[in-house]
Amino acid sequence: MKIDLNGNVIEEQKAVVSVYDHGFLYGMGLFETFRTYRGRPFLLEWHLERLAAGCRELDIRYVPDPDGLQARIRRLLEANELEDAYFRFTVTAGTDMLGLPAEPYKHPTEILYVKSLPPIDLSVYTKGKPLQLLESRRNSPEGAIRHKSLHYMNNILAKQELRRYPWAAQAEGLLLDAQGFLSEGIVSNLFFARGGALHTPSTETGLLPGITRRYVMTVARETGLSVSEGLYRWEDLAGADEIFLTNSIQEIIPVTRLFDREGIAHTVGDGTAAPITAKLLSRYRNDCSGESYSSS
């Protein structure tokens, strides 16, 4: 594949960064993942807004350029002969001396990765997928709120744990926080509905406030749904009418089975996608493909 390094399209094997890049040395960097629809990334402004806010906190002098990034995305699609694709846009602190920085990072490194969209069994949007409760806990963010940073060990350890449950094939893993409250999936945010109201864990639990999470909360409120952020337990999920997960690649995925750590299964609702989930997914699909939703 060809990728973009600091605005230059090159073969991925030739793309290198310095061993003194503080993204490599100290994990000082952030990234956004998204996919395109008809060649355009959905909610790109929100992705760049989150990225820029994180860079300001890390003192990385990165200035978002939505139009320029759109052009870079188009070039990569053409260079790799793809109509649509999965993208990861990474901004690292850039090269500096060995040791902690004495001043702001003024020359960040930008890398735009691309790969073919992963195959998805379309039946998952009606039949749903399982959610496996994990022993691994969501670690606390370094700052006031979690950024999508290069510090990803917590997620990787959770993914390794998920592989240890033989009954949880195709499942997403669920992380609790240190106090035992629901936090998020390994690569997703969590929602559940009960009595016609929508609930999602609070950012107090250390979760990453995802872009699709933000979209769902915004659209749900626009359509008259009550949306609450709070501190919830595993038992709240077991009593839910419907559950779903969100991320920018898989969109909105219904959860129809819960597994505890002993492998005991609980069916959610009637075991298929329920009305609120289906309605929100339909709206998402309409907005992302028709580009009718304003992210301003």
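Given the structure is predicted, the values throughout are model-derived calculations rather than measurements.
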Does some side-chain heavy atom of W234 sit less than 4.5 Å from a side-chain heavy atom of L258?
yes

Tell me which pairs pass ring-ring contact (aromatic ring centres under 6.0 Å, His included) where either residue lies in residues 61-98, with sequence neighbours left out.
F34-F87

Just wondering, do M28 and P101 contact through their side chains at under 4.5 Å, heavy atoms?
no

If you draw the axis of the six-membered ring of Y105, does the NZ or CZ of R61 fall within 45° of it and under 6.0 Å from the ring centre?
no

N6 side-chain N/O to T109 backbone N/O, donor-acceptor pair under 3.5 Å
no

CG on D21 to OG1 on T92, rounded to 0.5 Å
3.0 Å

I253-L281 co-clustered via ILVMFWY side chain contacts under 4.5 Å
yes

Pairs flagged by salt bridge (charged side-chain N to carboxylate O under 4.0 Å, His left out) wherever residues 184-205 is involved - sequence neighbours left out:
R138-E184, R194-D236

Chi angles and distances behind the salt bridge (Lys or Arg N to Asp or Glu O under 4.0 Å) call for E161, R261
CA-CA 11 Å; E161 179 191 345; R261 298 185 193 101; 5.2 Å; no

Side-chain donor or acceptor of S282 paired with backbone N/O of K279 under 3.5 Å:
no

Minimal non-hydrogen separation, I276 against A193, with atom names:
CD1-CB, 3.8 Å

To the nearest 0.5 Å, what is the distance between CZ (R285) and CD1 (I252)?
8.5 Å

Within the 4.5 Å heavy-atom criterion, are T90 and L150 side-chain neighbours or not?
yes

If I compare all heavy atoms of Q132 with all of A168, which pair ends up nearest, and what's the gap?
OE1-CB, 3.7 Å

Without swapping roles, check the side chain of D4 against the backbone of I111 for a donor-acceptor pair under 3.5 Å.
no

Does OH in Y20 sit with more than 12 non-hydrogen atoms of other residues, nucleotides or ligands closer than 6.0 Å?
no

Let me confirm one number: the CG-CZ distance from L162 to F259, rounded to the nearest 0.5 Å.
11.0 Å

For the pair T272 and T126, evaluate side-chain contact (heavy atoms from CB on, under 4.5 Å) and give the outcome as yes or no after the intermediate values.
CA-CA 6 Å; T272 61; T126 53; 5.9 Å; no

Could you see if L112 belongs to whatever hydrophobic cluster contains L5? Use Ile, Leu, Val, Met, Phe, Trp, Tyr and a side-chain cutoff under 4.5 Å.
no

Can you confirm whether L133 sits close enough to L176 that some side-chain heavy atom of one is under 4.5 Å from a side-chain heavy atom of the other?
yes

Keeping the roles fixed (side chain from N154, backbone from R137), state whether a donor-acceptor pair exists under 3.5 Å.
yes

With sequence neighbours left out, which residue pairs that include part of residues 164-175 fulfil the salt bridge (charged side-chain N to carboxylate O under 4.0 Å, His left out) condition?
none

Joint cluster assignment, W46 & Y284, ILVMFWY side-chain distance < 4.5 Å:
yes

So if I apply the side chain to side chain contact (heavy atoms under 4.5 Å, CB included) rule between R213 and each of L207, L190, T218, which one comes out positive?
L207

Going by heavy atoms in the side chains, are I249 and V187 under 4.5 Å from each other?
no

H107 atom NE2: more than 12 heavy-atom contacts under 6.0 Å:
no

Strictly under 6.0 Å, is that where the ring centroids of Y113 and F31 end up?
no

Is atom CD of Q13 surrounded by more than 12 heavy atoms (other residues, nucleotides or ligands) closer than 6.0 Å?
yes

With respect to N189, which candidate in T246, L245, I211 satisfies the side chain to side chain contact (heavy atoms under 4.5 Å, CB included) definition?
T246

Identify the heavy atoms of T277 and P254 that sit nearest to each other, and give their distance.
CG2-CB, 4.0 Å

Any donor and acceptor pair, going by atom type alone, linking the side chain of E83 with main-chain N or O of G39 inside 3.5 Å?
no

Mind checking whether Y165 and W167 have parallel, tilted or perpendicular rings, split at 30° and 60°?
tilted

Quick one: do Y215 and Y125 end up in the same hydrophobic cluster if we chain Ile, Leu, Val, Met, Phe, Trp and Tyr together by side-chain heavy atoms under 4.5 Å apart?
yes

Would you check if the side chain of R257 reaches a backbone N or O of G128 as a donor-acceptor pair within less than 3.5 Å?
no

Quick check on the hydrophobic clustering: are L208 and V216 connected, directly or via other members, by side-chain heavy-atom contacts under 4.5 Å?
no

Any sub-3.5 Å donor-acceptor pair from H266's side-chain atoms to A238's backbone N or O?
yes

Closest contact, heavy atoms only, K129 versus V124:
CB-CG2, 3.9 Å

Please examine the side chains of Q70 and P41, heavy atoms only from C-beta on, and report whether any two atoms are closer than 4.5 Å.
yes

How about F24: does its CZ atom have over 12 heavy atoms from other parts shown lying under 6.0 Å from it?
no

Residues, nucleotides or ligands: over 12 heavy atoms within 6.0 Å of E11 CD:
yes

Quick one: pull up OG in S228 and CZ in F191 and give me the separation to the nearest 0.5 Å.
11.5 Å

Side-chain donor or acceptor of N247 paired with backbone N/O of T212 under 3.5 Å
no

Please report the interatomic distance CG(D84) to OG(S116), rounded to the nearest 0.5 Å.
11.0 Å

What I'd like to find out is whether the side chain of L51 reaches to under 4.5 Å of the side chain of P64, using heavy atoms alone.
no

From CA spacing to verdict: side-chain contact (heavy atoms from CB on, under 4.5 Å), M1, L82
CA-CA 11 Å; M1 300 291 284; L82 296 168; 3.8 Å; yes

Nearest heavy-atom pair of V268 and E242: which atoms, and what distance?
CG1-CA, 3.9 Å

Identify the heavy atoms of T223 and R283 that sit nearest to each other, and give their distance.
CG2-NH1, 4.1 Å

What's the spacing between D260 CG and L131 CG if we round to 0.5 Å?
11.5 Å

